[in-house]
Amino acid sequence: ASSPVITLDDMQLRDLVEQARDATAKQVTDMLAAGWKDAAENMLQSLKYTAAVLNNNAADVQAMNGTKGERKSKRAVPIADTLFDNLNLQIKTARRLAEASGDTGLLNLTNKVAETLGQANPEYLKKNPTERTKMAETANKLVKAAEMQAGDTAESVAEAIDELAAFA
């Protein structure tokens, strides 16, 4: 016959709003940090794989793609048609997060990767060993830059989370 009514005074209401805001801010910052870090790490992993393929490093390729056993052929590690498609997908994701966060280091790196390896033509590289070697050298340099950037991005993530927490 009676309806339960909860009455909150101003102080209780402010506490309730603050708790909800803090919980939401924590979820958002945790998701942002995980997505940001994952994007940088995935692009780095994709770069390492691309470099291993271009460098004909069968052992590294096998370790990264989970295959076992010796290759039957002594020919160069084949360049899959999707190799650069996968890399470009990682570039796109990392670039969007870098733009959204203002991480200029990660943005510059994604632009360098996009302008070099991202423009590669697998068919051309399959037929031109000299160009494959040049692209392998570029890939090696970009892997080193990406490894350094991954540490810088971790710092940027921490700073952004602090700023977001302070804003919240």
Side-chain angles (χ1 to χ4, degrees), residues 24-68 71 75-168:
T24 303
K26 181 173 178 0
Q27 287 178 334
V28 169
T29 54
D30 288 350
M31 289 179 357
L32 173 63
W36 199 347
K37 186 172 179 274
D38 287 348
E41 288 175 355
N42 289 342
M43 189 175 78
L44 173 59
Q45 191 64 19
S46 189
L47 270 172
K48 285 181 177 180
Y49 187 80
T50 302
V53 168
L54 293 173
N55 282 302
N56 292 318
N57 190 332
D60 282 355
V61 170
Q62 286 181 326
M64 284 187 251
N65 69 15
T67 57
K68 296 179 180 171
R71 291 186 70 232
R75 292 183 306 155
V77 174
I79 299 174
D81 293 338
T82 59
L83 179 67
F84 297 105
D85 294 340
N86 294 336
L87 179 62
N88 282 318
L89 181 63
Q90 300 301 331
I91 291 167
K92 184 191 268 185
T93 304
R95 179 183 282 143
R96 285 183 179 156
L97 281 168
E99 287 171 346
S101 64
D103 186 344
T104 56
L106 182 58
L107 185 59
N108 290 339
L109 176 64
T110 57
N111 288 338
K112 282 180 191 172
V113 175
E115 292 165 3
T116 54
L117 296 177
Q119 302 297 317
N121 179 328
E123 289 304 317
Y124 181 73
L125 294 177
K126 288 175 188 177
K127 296 174 184 171
N128 295 288
T130 305
E131 286 302 312
R132 180 178 176 151
T133 302
K134 286 180 187 175
M135 287 301 263
E137 290 170 7
T138 300
N140 292 337
K141 290 175 186 172
L142 289 169
V143 166
K144 288 179 185 171
E147 287 173 336
M148 291 186 344
Q149 185 57 45
D152 293 344
T153 292
E155 279 184 32
S156 296
V157 168
E159 290 170 10
I161 288 173
D162 290 345
E163 288 175 18
L164 188 56
F167 176 74

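By convention here, the first residue in the shown sequence is residue 1.
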Rounded to the nearest 0.5 Å, what separates atom [atom1] in [X] from atom [atom2] in [Y]?
X	Y	atom1	atom2	value
Thr116	Leu87	OG1	CG	8.5 Å
Asn86	Ile91	CG	CD1	11.0 Å
Leu107	Glu99	CG	CD	5.5 Å
Asn42	Leu47	CG	CG	11.0 Å
Leu142	Glu137	CG	CD	12.0 Å

Closest heavy-atom pair and its distance - Leu106, Ala94: CD2-O, 4.0 Å
Taking every non-hydrogen atom, the tightest pair across Glu115 and Gln119: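 What the structure gives for the nearest pair is O-CG, 3.5 Å.
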Quick check: do [X] and [Y] have side-chain heavy atoms less than 4.5 Å from each other?
X	Y	value
Leu83	Tyr49	yes
Phe84	Asn121	no
Leu117	Met135	yes
Gln90	Gln45	no

For Glu123, what residues pass the side-chain hydrogen bond (donor to acceptor under 3.5 Å, both in side chains) criterion, not counting sequence neighbours? Lys126
Can you list the steps and then say if Thr93 with Met43 is a side-chain contact (heavy atoms from CB on, under 4.5 Å)? CA-CA 9 Å; Thr93 304; Met43 189 175 78; over 6 Å; no
Table please: side-chain donor-acceptor pairs of residues 50-59 below 3.5 Å, with sequence neighbours left out.
| from | atom 1 | to | atom 2 | distance (Å) |
| --- | --- | --- | --- | --- |
| Thr50 | OG1 | Ser46 | O | 2.8 |
| Asn55 | OD1 | Asn140 | ND2 | 3.4 |
| Asn55 | ND2 | Ala51 | O | 2.7 |
| Asn55 | ND2 | Asn140 | OD1 | 2.7 |
| Asn56 | OD1 | Val77 | N | 3.3 |
| Asn56 | OD1 | Arg132 | NH2 | 2.7 |
| Asn57 | OD1 | Ala59 | N | 3.4 |
| Asn57 | OD1 | Asp60 | N | 3.1 |
| Asn57 | ND2 | Asp60 | OD2 | 2.9 |

Do Lys134 and Glu131 meet the salt-bridge criterion of a basic N to acidic O distance under 4.0 Å? yes
Using side-chain contact (heavy atoms from CB on, under 4.5 Å) as the criterion, point out the one residue from Thr110, Asn111, Leu109 that pairs with Val113. Leu109
